[in-house]
There are 4 protein chains.
Amino acid sequence: MIVTVKVTNEAPRGRPRSSQCREAILSAASEILKEKGFRDLTIEEVAARAHVGKATIYRNWETRGILALDAFMVDYLLLQPPQRGATLEEDLFSALAGWVAVVDGTPTGRALVGLLAEAQFDLELGKQFRDRVVAPARAAQRDMIERAVARGEIPPDTDLEILMDLLFGPAYLRLLEGHQPLSSAFVRRIARAVALAAREGVAVRDL
Amino acid sequence: MIVTVKVTNEAPRGRPRSSQCREAILSAASEILKEKGFRDLTIEEVAARAHVGKATIYRNWETRGILALDAFMVDYLLLQPPQRGATLEEDLFSALAGWVAVVDGTPTGRALVGLLAEAQFDLELGKQFRDRVVAPARAAQRDMIERAVARGEIPPDTDLEILMDLLFGPAYLRLLEGHQPLSSAFVRRIARAVALAAREGVAVRDL
Amino acid sequence: MIVTVKVTNEAPRGRPRSSQCREAILSAASEILKEKGFRDLTIEEVAARAHVGKATIYRNWETRGILALDAFMVDYLLLQPPQRGATLEEDLFSALAGWVAVVDGTPTGRALVGLLAEAQFDLELGKQFRDRVVAPARAAQRDMIERAVARGEIPPDTDLEILMDLLFGPAYLRLLEGHQPLSSAFVRRIARAVALAAREGVAVRDL
Amino acid sequence: MIVTVKVTNEAPRGRPRSSQCREAILSAASEILKEKGFRDLTIEEVAARAHVGKATIYRNWETRGILALDAFMVDYLLLQPPQRGATLEEDLFSALAGWVAVVDGTPTGRALVGLLAEAQFDLELGKQFRDRVVAPARAAQRDMIERAVARGEIPPDTDLEILMDLLFGPAYLRLLEGHQPLSSAFVRRIARAVALAAREGVAVRDL
DNA sequence: CCCTAAACGAGACGGTACGTCTAGTCTTATG
DNA sequence: CATAAGACTAGACGTACCGTCTCGTTTAGGG
């Protein structure tokens, strides 16, 4: 497959790529992703539903995975609600509970898992997933930690990454393995444990 | 697809199924799983490498996923080392460090993720994954908790499930998303945080 | 493309190729050839009409051209009538008139031209066309010449090839270029001219 | 497809059609015709080689076939040499030998066959082929017959069409089917046979 | 010791989807 | 307004696998 990416800043020649097209393709892909999941999302069907030639899809997206990521982002980002509580534990709870609401038993959740699996092999997809999903989420969560530091709840050099991994990791695990439900009791306890660890300085950088 | 499962205890008629066959298939599947990952494991290639007809594979395994699970188990179980330390934190550390050694940057790790993704759609695979991978692991870990209870380190009605999710979840997350390395500093801090939470009774059942 | 042709006389292994299949494909191809001509005969449509996978077609025929040749043969050979007259001119007339009836304004005629054009590029098709269409026709015509020799109408070492080219060439030309009709007056005159040339020994070998 | 044909004689508005363009297109088409033959001449490649938009080609030529005919004409006409001998047979021989030299084993010959095949389906191409290739050739050949009539070699009401079909038909046949070579012995005998037929009045109109 | 019946290898079968290519049309900016 | 460039819809190309099937060939019991 060949995807030409413009590098120079010459004047663009020929017919410009249609944004209508891109939107039709994304919304078709999004539909299929919800109905059938990532595994059964085929370029052929996206093209048919969007009334678009297959070449137009290949012209705009390098791989099926990256197309699916774009389609996934629409729903995933829209549903992420920001929250601000009085204590770190409250913030942690609402962040995790919000995520659980979006992914537990939903098409979005299944799509997320499918993308993660695909990203193990499609390295470009992995990179984009980190840049476009993980990094923005972490940036948004940084504020939560900073406010807790400002309140004096936790040490100033607390490592955001470890704390967020401790918070979301257990939930990812239950989402993936399905061995236990993502109940609100679970969310509450995880938030409490993470808050405790943070307060006790387990996550400070120079440990 | 039709897989006949014998229920009655009649005498088996005809040529018995060959265990040589099963082994050849499993080892071919295992090879491919390591070389190319779950996504690129095709029945066609397994059959060719094992010098076996495709029907023989379909006769013995319901789906590609379950075949891959069987192939995966060989490596995954062999490499799981049991450990017994002096404190809960030591035990948690060695358990997590052992798991990380098996999956971080290894074919086994990539296979694990592929299987988890497939299990979102192949429900039977999900069930078998829980029964044959998750459940035995948890059973093995139960001893670790019980010894900590016996030593008086943690409350007696501590919930194993939450504790193990707290321990392994963050590592799964880093394995999946690759946003941060599975360093030994990471493992150490996670073990410390989980031990702390356990001691403080965050995971007791009636919370 | 890869088409395996058996050369050795080993026992055949695996499922034998289905003749039903071959027949269904040929009759679908024949239909399309008549309806739309060689240019618009696509493997895709043959497969669809014959309720057959595309791979089955590619497994049995090297190229679209050779498939079309096989389909063409059915009609072309069936319609070739043998004739025996009292004089060479009568024989020549009935041979040419028979051919004209089969190809003038018929799907078979258009198919013939399409195959000839394709054969300019598909050398294997050209070879098979000569072996399976031209050579048998010439063999059948040889009898006509031999009888004329036996009757003493023409010299004994008359060259069949030249005579037949003189007979059919003009008709091919009108078929191809369509500049003049393939009328029965035309057929009559051509037969007379060829008979005359033959009698006068224009086609003897050592000329 | 839509081809706008100007009927009125209004003053032309806007940028005039470039003749440079037409030439670039024709010479690109001619190149490809020689390299790959008619079957593999694609509008896409012509446009690319001529540094021309595809629309410009469609604006100037109705079909691929007619473009190819235009490209073909350049070579075909250039190479047709006129000849004048002392007898009809000499004239016939030199006419046929000249044609054979142009088409036997040459790209021009293969292009000729491709065009003839295409013309079976593209009726407009067939018409243009007759008007621009066949008709001028016959007009040129008329002189040969008239001179033979003037010399008293052949009857005055000899049918040019039949005679030329008898002359060129056999050569077309060998060109198409390739069953026998277009040797000079072949050309000589055909010329002799046609001259004989003409002398004997086989081609007179009221036969 | 043959008979029976299922398992075996091989690979053909009807399908689906792949990623590429070309057709013929449409839409920009440029001349 | 013609042009070069190239994006657009449409659909065929030849390939790779899917899961099923149909062969001829083993390979065990049970008669």
Side-chain angles (χ1 to χ4, degrees), chain A residues 1-4 11-18 20-21 40-48 50-60 63-64, chain B residues 1-2 4 11-18 20-21 40-48 50-60 63-64, chain C residues 1-2 4 11-18 20-21 24 40-48 50-60 63-64, chain D residues 1-2 12-18 20-21 24 40-45 47-48 50-60 63-64:
Chain A
M1 193 207 336
I2 294 164
V3 171
T4 308
R13 306 223 292 170
R15 178 174 173 176
R17 295 194 183 170
S18 153
Q20 271 196 355
C21 243
D40 295 336
L41 179 137
T42 67
I43 298 288
E44 205 101 344
E45 191 176 355
V46 174
H51 299 294
V52 144
K54 285 196 286 175
T56 300
I57 300 178
Y58 287 113
R59 205 179 291 120
N60 285 282
T63 63
R64 186 178 76 111
Chain B
M1 194 207 340
I2 294 164
T4 308
R13 307 222 294 167
R15 178 175 173 176
R17 294 192 184 172
S18 153
Q20 270 195 357
C21 244
D40 295 335
L41 180 136
T42 67
I43 299 288
E44 206 99 343
E45 190 176 357
V46 173
H51 300 294
V52 143
K54 286 196 286 176
T56 302
I57 300 179
Y58 287 112
R59 206 177 290 119
N60 285 282
T63 63
R64 186 179 77 110
Chain C
M1 192 207 336
I2 294 164
T4 309
R13 307 223 289 170
R15 177 174 174 176
R17 295 193 182 170
S18 152
Q20 270 196 355
C21 244
D40 295 335
L41 179 137
T42 67
I43 298 289
E44 205 98 346
E45 190 176 356
V46 173
H51 300 294
V52 144
K54 284 197 286 175
T56 301
I57 300 178
Y58 288 114
R59 208 178 286 121
N60 285 282
T63 62
R64 188 178 75 110
Chain D
M1 190 207 340
I2 294 163
R13 308 217 298 165
R15 179 171 172 177
R17 294 192 184 171
S18 154
Q20 273 194 356
C21 242
D40 295 335
L41 179 137
T42 67
I43 299 287
E44 206 99 345
E45 192 176 354
H51 299 294
V52 143
K54 285 198 286 175
T56 302
I57 300 178
Y58 286 113
R59 206 176 293 118
N60 286 282
T63 64
R64 188 178 77 111

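Chain identifiers are assigned alphabetically (A, B, ...) following the order of the sequence lines, protein sequences preceding nucleic acid strands; residue numbering begins at 1 within each chain.
Of the two residues contacting DNA chain E, namely T56(B) and L41(A), the nearest-nucleotide position lying further toward the 5' end is that of T56(B). Positionally, the nearest nucleotide of DNA chain F for A50(D) lies more toward the 5' end than for the other of I43(C) and A50(D). Between T42(B) and A55(D), the one whose closest nucleotide on DNA chain F sits nearer the 5' end is A55(D).
At a cut-off of 3.5 angstrom, the base of dG19(E) holds at least one donor-acceptor pair with the side chain of K54(A).
The main-chain N or O of T42(D) is never found under 3.5 Å from a side-chain atom of R64(D) such that the two would form a donor-acceptor pair. Looking only at distances, no side-chain donor or acceptor of R59(B) sits under 3.5 Å from a matching main-chain atom of R17(B).
Within the model, atoms NE2 of H51(B) and OG1 of T56(B) stand 13.5 Å from one another, a figure rounded to the nearest 0.5 Å. Rounded to the nearest 0.5 Å, atoms OG1 (T63(C)) and CD1 (I57(C)) are 12.5 Å apart.
For dT27(F), the OP1/OP2 oxygens have no side-chain nitrogen or oxygen of S18(B) closer than 4.0 Å. Taking only side-chain nitrogens and oxygens, N60(C) comes nearer than 4.0 Å to OP1 or OP2 of dC13(E). Residue R64(B) places no side-chain N or O under 4.0 Å from the OP1 or OP2 atom of dC18(F). R17(B) has no side-chain polar atom (N or O) that falls below the 4.0 Å cut-off from OP1 or OP2 of dA6(E).
Bending across the helix from dC1(E)-dG31(F) to dG31(E)-dC1(F), expressed as the angle between its end axes from five pairs apiece, amounts to 10° (10° rounding).
For the pair E45(B) CD and dT15(F) P, the computed distance is 19 Å after rounding to whole Å. Regarding E44(D), its CD atom lies at a distance of 13 Å from the P atom of dT25(E), rounded to whole Å. The nearest whole Å value for the distance from the CG atom in D40(C) to the P atom in dA12(F) is 11 Å. The separation between Y58(B) atom OH and dC8(E) atom P is 15 Å, rounded to whole Å. If you measure from atom CZ of R59(C) to atom P of dC17(F), you get 15 Å, rounded to the nearest angstrom. Taking atom CD on Q20(D) and atom C1' on dA4(F), their separation rounds to 14 Å, with Å as the unit.
With dC18(F), dA10(F), dA10(E) as the choices, the nucleotide that has an atom nearest any side-chain atom of H51(A) turns out to be dA10(F).
No contact: A47(D) has no heavy atom under 4.0 Å from any strand.
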N/O contacts under 3.5 Å, protein versus nucleotides 23-25 of chain F?
none

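Counting all heavy atoms, side chain and backbone alike, G53(C) lies closest to A47(C) at C-CB, 4.3 Å.
Residues passing the side-chain contact (heavy atoms from CB on, under 4.5 Å) test with A50(C) are A24(C), I25(C), A28(C), V52(C), sequence neighbours excluded.
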